[in-house]
There are 2 protein chains.
Amino acid sequence: MLELAILGFLYDTPLHGYELRKRIAALTGHVRPVAESTLYPAIKRLEKAGLLARTTEPGAVAAPRHVLTLTEKGRGELLNRLAEPDRRDITDENRWFTVLAFLRHLPEPAAQADVLRRRLAFLEEPASFFYDGDRPLAAEELDDPFRRGVLTIARATSQAELTWLHATLESLEDAADS
Amino acid sequence: MLELAILGFLYDTPLHGYELRKRIAALTGHVRPVAESTLYPAIKRLEKAGLLARTTEPGAVAAPRHVLTLTEKGRGELLNRLAEPDRRDITDENRWFTVLAFLRHLPEPAAQADVLRRRLAFLEEPASFFYDGDRPLAAEELDDPFRRGVLTIARATSQAELTWLHATLESLEDAADS
DNA sequence: CGAAGATACATCGTCAACGATGTATTGAGA
DNA sequence: TCTCAATACATCGTTGACGATGTATCTTCG
């Protein structure tokens with residue numbers, strides 16, 4: 001998720017670590033803050049894998065900056081990760097939102113639609129958080145107000161997302177037709 | 001999150017590892033599956049910390065089972081974690097849902113309400129995923145349909161949750177009055 | 001009768017994330 | 001003038017999560 005965000009932000013423009021940190025904090029930080037001690041090792045990993053390159057710029061404002069640029073390999077890697085997200089990128093809302101935040105980088109509307117369809121398939125699976133044996137329970141069947149809350153909220157999210165998914169898929173298909 | 005779920009399930013009744021695994025999978029597995037190789041070490045950790053005890057039952061169906069029971073310390077620990085969730089338990093929906101799934105175990109309605117109020121405060125903070133400088137952007141201001149989706153979905157979730165939170169807080173306060 | 005799948009637990013190596021801490025500079029406010 | 005916050009990066013040790021793999025038994029279905 002973190003790596004995807006790094007690649008996603010750098011796809012647009014080269015950035016130094018600190019700026020990247022701020023952008024990632026803005027994107028997902030209010031929900032899931034990223035520690036500094038997680039970001040810098042992640043940058044190193046990506047650099048070691050040849051996905052990004054760094055050029056040291058002597059201190060413009062404070063300490064010297066390492067400006068990070070995606071390599072061609074890095075650009076390809078981002079597109080791969082976007083086009084073929086793994087199961088958890090689809091199911092976990094935090095990861096899914098990160099995919100969505102950068103999905104526009106995929107050049108083909110058809111490829112974008114494929115990703116949306118995977119999420120759609122997931123949302124259409126009959127699943128709950130609470131079961132009576134194998135049968136998923138509806139909010140109305142629960143006595144516990146807190147568990148009822150979980151289902152109420154999850155259902156509202158699901159509804160809103162399904163509406164959006166259908167609308168967006170339609171306009172992507174229109175774009176592909178023209 | 002995993003530890004909280006283990007403590008939460010065992011608070012009701014002793015279970016063996018495999019059954020615990022199935023319940024956790026039902027609770028959060030469709031969103032965030034938990035590997036077996038994560039569960040057993042987690043059980044060990046909790047055991048080592050004196051939060052749960054295991055009694056070996058000779059193989060009822062298949063291999064011998066380790067029936068896990070919460071100790072008094074374990075019961076206290078669960079209540080503590082529920083009453084004073086850390087910041088990430090409040091902000092991250094996955095963790096928050098786990099808190100909600102077991103919040104009924106807190107004996108005091110006032111304590112339950114305190115936890116809900118922390119979530120309420122978080123949801124009322126003005127935050128977006130996307131910014132123009134410092135100003136949070138609304139869905140309508142974005143060209144990117146995917147980013148617009150993120151905001152649309154997040155807003156729907158937020159609305160549903162706020163409605164539920166207010167209603168539930170009210171009924172908790174009524175319960176405390178009577 | 002044999003294979004497959006569910007039950008039930010465990011270990012190993014690796015990697016990713018975290019908190020704590022350190023280093024250095026610049027600009028703003030008290 | 002002094003301190004604090006922001007800028008900018010880095011390392012260290014620990015913990016937590018994961019995939020892969022191993023070991024058994026029992027049941028079910030072909």
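In the text below, chain A, chain B and the rest are named by the order of the sequence lines, each starting its count at 1. Worth knowing before you read on, the calculation uses all heavy atoms, side chains too, and leaves out hydrogens, waters and symmetry mates. Not measured: the values here are computed from a predicted model.
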Rounded distance in Å - [atom1] ([X]) to [atom2] ([N]):
| X | N | atom1 | atom2 | answer |
| --- | --- | --- | --- | --- |
| B:Ile24 | C:dC9 | CD1 | C1' | 15 Å |
| A:Asn94 | D:dA17 | CG | P | 15 Å |
| B:Lys22 | C:dG5 | NZ | P | 17 Å |
| B:Leu4 | D:dG16 | CG | C1' | 16 Å |
| B:Tyr18 | D:dA24 | OH | C1' | 14 Å |
| B:His16 | D:dT25 | NE2 | C1' | 14 Å |
| A:Asp92 | D:dC18 | CG | C1' | 15 Å |
| A:Leu39 | D:dT7 | CG | C1' | 14 Å |

Can you see if the side chain of [X] gets near the phosphate of [N] - specifically, an N or O under 4.0 Å from OP1 or OP2?
| X | N | result |
| --- | --- | --- |
| A:Arg21 | D:dA10 | no |
| A:Arg87 | D:dC18 | no |
| A:His66 | D:dC9 | no |

key: Under 3.5 Å donor-acceptor, B:Glu141 side chain and B:Ala138 backbone   = yes

Value for CG (B:Leu2) from OG1 (B:Thr98), rounded to nearest 0.5 Å, stands at 9.5 Å

Is the A:Phe102 to A:Tyr11 ring centre distance short of 6.0 Å? no

Out of D:dA8, C:dT7, D:dA10, minimum distance to the side chain of A:Arg65 belongs to D:dA8

Going 5' to 3' through nucleotides 11-18 of chain C and flagging B where a protein heavy-atom sits under 4.0 Å of the base, S where only the sugar-phosphate is that close, and - otherwise, we get B----SSB

Can you tell me which residue among A:Lys73, A:Arg75, A:Arg81 is in a side chain to side chain donor-acceptor pair (under 3.5 Å) with A:Glu77?
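Exactly one option meets the side chain to side chain donor-acceptor pair (under 3.5 Å) with A:Glu77, and it is A:Arg81.
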
Practice task
Give a yes or no on whether a salt bridge exists between A:Glu124 and A:Arg117, defined as a side-chain N under 4.0 angstrom from a carboxylate O.
Solution key: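 The answer is no: the pair does not qualify as a salt bridge.
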
#### Entry: Note: A:Glu161-A:Arg119 ion pair, threshold 4.0 Å (strictly below)
yes

Donor + acceptor pair across side chains of A:Trp164, A:Gln159 (<3.5 Å):
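Result is no, nothing qualifies.
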
